[in-house]
Amino acid sequence: MGDKPNYKDTMNLPQTDFPMRASLATREPEWLKFWDEIDIYGKSLEVNEGGPTFILHDGPPYANGHIHMGTAFNKVFKDLIVKYKTMRGYWSPYVPGWDCHGQPIEHQVEKNLGSKGMAETSKSDLRAMCRDYAMKFVGIQAEEFKRLGVRGDFDNPYLTLNPSYEAGNVRIFKEMYNRGLIHKGSKPIHWCMRCKTALAEAEIEYSDEVSDSIYVKFWFTEAPEVFAGSAAKVGVLIWTTTPWTLPANVAVTLADRANYVGVRIGDEVLVMAEELVKSVVETAGIESYELVTGADGEPVRVKGSELSGLKYGQPIHENVEGVIITGGHVELSTGTGAVHTAPGHGDEDYLVGFKFNLPSPMPVMDNGVFDDGAGPFAGMHVNKANPVIVEWLTERGDMLHAGKTDHSYPHCWRCKQPVIFRATEQWFVNMDEAKEGRTALRDGALSSIEKVEWIPSWSVNRIRSMVTDRPDWCISRQRAWGVPIPTFTCATCGDVVVSDEIFDAVIHLFETEGADAWFTKEPAEYLPAGTTCSRCGGTELKPEQNIVDVWWESGVSHTSVLEARDELRRPAELYLEGTDQHRGWFQSSLLTSVGAYDEPPFQRVLTHGFIVDGDGRKMSKSVGNVISPLDIIEKSGADIIRLWAAAADYSQDVSISDDILARTSDAYRRMRNTYRFLLSNLFDYTPDRAVAWGDMPEIDQYAMARLADVVERVTKSYDDWKFHQVYHTVFNYCVTDLSSFYFDVLKDRLYSDGVDSVSRRSAQTVLAEILKALVRIMAPILSFTAEEVWQFMPESLRDGAVSVHIAGWPDIEVSAAEAGELREAYVTVLEVREAVTKALEDARNDKIVGKSQEAHVTITVQADTAHILEARGIESLAEMFIVASVSLDVRTACTVCVQITPAIGEKCPRCWSFRDLTEDGVCARCASALASQ
RNA sequence: GGGCCCGUAGCUCAGUUGGUUAGAGCGCACGGCUGAUAACCGUGAGGUCGAUGGUUCGAAUCCAUCCGGGCCCA
């Protein structure tokens with residue numbers, strides 16, 4: 001009391017309830033509730049009714065398990081784009097989707113049932129359980145995505161198990177079938193002979209198994225001259241661990257560029273790869289052999305490619321010939337360098353067989369028993385046949401060596417029995433064949449690729465090479481949980497029965513009752529009356545039991561979703577997924593769209609990298625480097641994830657670690673405090689207090705020019721899909737332009753000048769503009785925090801928008817000419833300011849001054865610099881350098897020389913500046929401020 | 001093994017068509033302030049640009065090989 005007046009109460013110190021501590025984990029859910037109450041999704045569309053359209057079509061995540069860092073990153077990314085586009089005036093509906101069918105869910109449900117339960121469960125009951133399972137995780141993931149701040153039509157998402165979605169599969173199938181892009185063929189798949197079922201890769205367990213290891217001589221029907229010589233018999237030597245596949249042998253594959261030699265053992269010559277001769281003779285225990293030599297005495301060496309086309313006698317079947325071919329899959333680490341090839345029993349064999357147009361015999365029935373195609377072994381189970389075949393070949397003199405080997409072999413996850421590769425009937429999308437007059441799918445897809453914008457640009461190389469190299473697309477699966485292949489087989493003649501009328505009836509069936517009806521109804525109940533086999537007139541039609549590949553299913557979303565929903569349209573402006581989708585969804589969407597419509601389903605495809613740990617390694621449970629988005633939400637909040645996602649350069653793999661998250665939180669806090677400073681100094685501001693450009697102090701004009709620059713730069717970065725530039729621009733602006741310069745300078749004016757003085761109001765005018773712009777440009781990224789800021793802003797600054805997300809985009813108008821001059825002048829001002837702060841630091845260390853306000857600064861510069869500084873005014877310079885006073889000196893020898901001396905004058909007890917004090921004991925400015933109150 | 005891609009300070013990012021001592025912010029260290037205060041201001045120390053070889057008067061920037069990492073195949 002008494003002596004010293006409490007000047008603090010006479011000052012305009014910042015006031016706000018906007019909390020410094022974010023407490024995002026608890027506060028974010030409140031904003032979610034708020035958005036729900038005001039129907040922010042509906043409003044985001046309403047405000048842009050009639051505006052240009054921007055459709056980001058969501059790729060459906062698999063409805064299994066909780067979200068992980070990758071799905072979180074992807075969804076946040078999509079969300080910030082949709083929010084940005086909405087704020088820019090685009091009608092931008094966002095419909096999230098889920099992939100609900102497929103083997104992983106079915107497998108999990110089967111596991112939960114156990115083998116006993118499985119036996120008692122019908123196909124349609126199993127499907128019901130799978131549906132429940134999928135729906136449960138759709139619900140879980142939807143909540144998790146919403147918690148991340150993702151905005152969209154979560155009340156009405158698209159699900160691949162919805163009837164209307166299922167019908168879309170048939171629409172595309174019909175179109176592509178009619179264009180000759182789909183055919184039935186056969187392909188080897190993993191097969192369990194005991195369960196009589198196909199197995200997916202995930203249902204295979206590998207364990208060690210003792211197998212035969214046999215070296216078999218395939219005799220040439222016409223021996224190659226170079227090796228013929230005086231030998232009685234010339235053959236090629238193959239090695240295999242599966243004697244039972246020999247009845248299905250049609251070829252021997254050699255390595256293109258490897259050297260092959262003839263090994264003479266007795267009166268037989270056996271051809272094998274040169275580099276494997278030693279290991280073969282050792283294994284077979286051959287004591288005496290020699291290589292066939294030429295006229296020069298050197299061993300005769302022949303490339304695999306030179307032997308291509310030669311014929312040999314099939315080892316099992318009399319009077320049947322096999323052929324020598326070459327292939328890239330031949331390994332020269334084991335065996336003989338000559339690979340026994342049975343296209344019905346191996347994937348590589350199948351592919352090479354396809355390439356050389358070889359037959360694909362498959363003499364093994366679904367229970368593992370040979371049929372008549374196995375010649376002498378018909379009726380025998382393959383497991384029993386192995387030793388019989390070995391003995392049979394040995395007796396005939398075709399066996400060089402028969403031993404055993406220990407190796408990893410696939411087993412059925414359910415019955416633990418070894419599985420076999422067995423060719424079965426499958427449905428394929430043709431890549432290279434189409435109906436007369438139609439473009440082949442590969443060609444169509446490749447030319448479509450060129451019409452799409454791929455971001456980043458290398459992404460086009462990836463999709464192009466994958467489409468170029470891929471084999472025909474096998475779209476059938478021997479499973480229960482999915483959408484059936486919509487075709488029928490004639491019970492009488494076995495022919496495939498389809499027609500437009502049949503397809504349309506199935507489309508109608510799926511649309512009204514869902515694909516489940518396929519498994520519960522008789523075809524006669526839904527097919528048009530009188531539907532018969534066009535070949536034999538048979539009336540009994542059997543519905544196909546295979547279902548369609550889930551990639552096909554998600555791929556047809558351009559029809560089941562974009563076409564089907566009123567608010568969407570095909571093609572979409574943007575598809576956005578991780579780089580793995582070049583083989584997955586991007587490709588299946590492209591192929592089905594080009595197949596049915598001859599055009600791509602998207603105008604633009606944006607790809608991002610994978611989420612890896614701080615060392616760039618993939619996350620895995622076993623390594624223990626997994627970071628869960630759910631944990632981050634709980635600890636730090638969703639806005640931290642959003643900021644992290646925005647800050648990263650997504651064109652490469654994106655790292656996350658505790659350290660990176662800590663840095664992200666640091667940056668978040670810095671930005672939050674910037675908002676807080678702005679809010680707290682606008683507590684008494686309304687737009688009618690605004691000061692016109694012409695009445696503003698120059699530094700305020702400069703601040704406006706800088707703001708305009710930042711908004712322009714940020715807008716361009718968003719438009720160029722460079723979100724990390726948005727982050728860097730805004731963050732640097734907050735730290736460098738605002739916090740350490742403009743705000744620091746402004747405090748004196750804001751706190752000490754008269755409440756209603758032009759100078760203070762001018763500062764507030766600029767702060768309001770900064771706040772209004774800054775809250776908007778970060779809203780797509782810091783969705784929660786921006787909303788919080790918005791609600792703390794004076795009502796009059798909110799432009800009537802109930803939420804920042806529908807408040808539109810800032811557009812700062814400043815005269816280009818004036819802004820240009822200011823920018824140029826302030827480059828110099830800020831350079832000099834840097835020299836001044838450096839000098840002040842030295843002076844402080846030398847105890848010449850304490851606070852910068854106690855200093856008088858003498859600046860010595862060259863004439864042109866002095867000119868620029870003088871134009872600002874000596875008083876303004878002192879204000880900008882936050883010192884008591886400034887004097888200027890011109891000398892050619894000095895670029896920028898600064899001298900610090902103690903300020904003249906006394907410390908004003910109110911504003912702490914060093915000035916001449918009036919008789920009231922405060923400086924003149926404070927006296928006038930006090931008088932005005 | 002093949003295709004596509006990545007590797008600049010502890011972290012996130014800049015580095016125009018190859019051209020002066022490689023930049024920014026954060027973090028860190030030290031100092032200041034105590035009227036943005038679990039804030040704020042200042043100063044400073046950090047990089048042989050993954051490695052090696054080559055092209056060039058000159059390379060983080062071009063080429064080759066290798067190492068490390070990612071996705072997709074095999």
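All heavy atoms count here, side chains included; hydrogens, waters and symmetry mates do not. Being a predicted model, the structure only gives us computed values, none of them experimental.
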Touch class at under 4.0 angstrom, heavy-atom based, for [X] against every strand present:
X: A:Asn673; value: base
X: A:Thr664; value: nothing
X: A:Gln725; value: nothing
X: A:His724; value: sugar-phosphate
X: A:Ala648; value: sugar-phosphate

Can you list everything that forms a disulfide bond (SG atoms under 2.5 Å apart) with A:Cys474? Sequence neighbours excluded, please.
none
Any strand, both distances under 3.5 Å, Watson-Crick or G-U wobble: B:A9 pairs with none
If pairing requires Watson-Crick or G-U wobble contacts with both distances under 3.5 Å, which nucleotide is the partner of B:C66?
B:G50
[N] versus [M] - spacing of their [atom1] atoms, nearest Å:
N: B:G54; M: B:G18; atom1: C1'; value: 15 Å
N: B:A22; M: B:G47; atom1: P; value: 12 Å
N: B:C13; M: B:G32; atom1: P; value: 35 Å
N: B:C26; M: B:G44; atom1: C1'; value: 15 Å
N: B:A60; M: B:U20; atom1: P; value: 10 Å

List the atom pairs, with distances to 0.1 Å, where a side-chain N or O of residues 345-354 of chain A and a protein N or O form a donor-acceptor pair under 3.5 Å, not counting sequence neighbours.
from, atom 1, to, atom 2, distance (Å)
A:His345, ND1, A:Phe421, O, 2.9
A:Asp347, OD1, A:Lys187, NZ, 3.3
A:Asp349, OD2, A:Ala342, N, 2.8

Could you give the start and end, 5' to 3', of the contact zone on RNA chain B for chain A, using atoms under 4.0 Å from its heavy atoms?
B:G3 to B:A74
Inspect the surroundings of CD in A:Glu834 and state if more than 12 heavy atoms from other residues, nucleotides or ligands are less than 6.0 Å away.
no
Can you tell me which residue pairs pass the salt bridge (charged side-chain N to carboxylate O under 4.0 Å, His left out) test with a partner in residues 651-666 of chain A, sequence neighbours excluded?
A:Asp659-A:Arg663, A:Arg663-A:Asp666, A:Asp666-A:Arg669
Suppose we screen for salt bridge (Lys or Arg N to Asp or Glu O under 4.0 Å). Which residues come up paired with A:Asp709, at least two apart in sequence or across chains?
A:Arg706, A:Arg823
Would you mind writing out the side-chain donor-acceptor pairs for residues 614-624 of chain A within the sub-3.5 Å range, not counting sequence neighbours?
from, atom 1, to, atom 2, distance (Å)
A:Ser620, OG, A:Ser622, OG, 3.4
A:Ser620, OG, A:Val623, N, 3.2

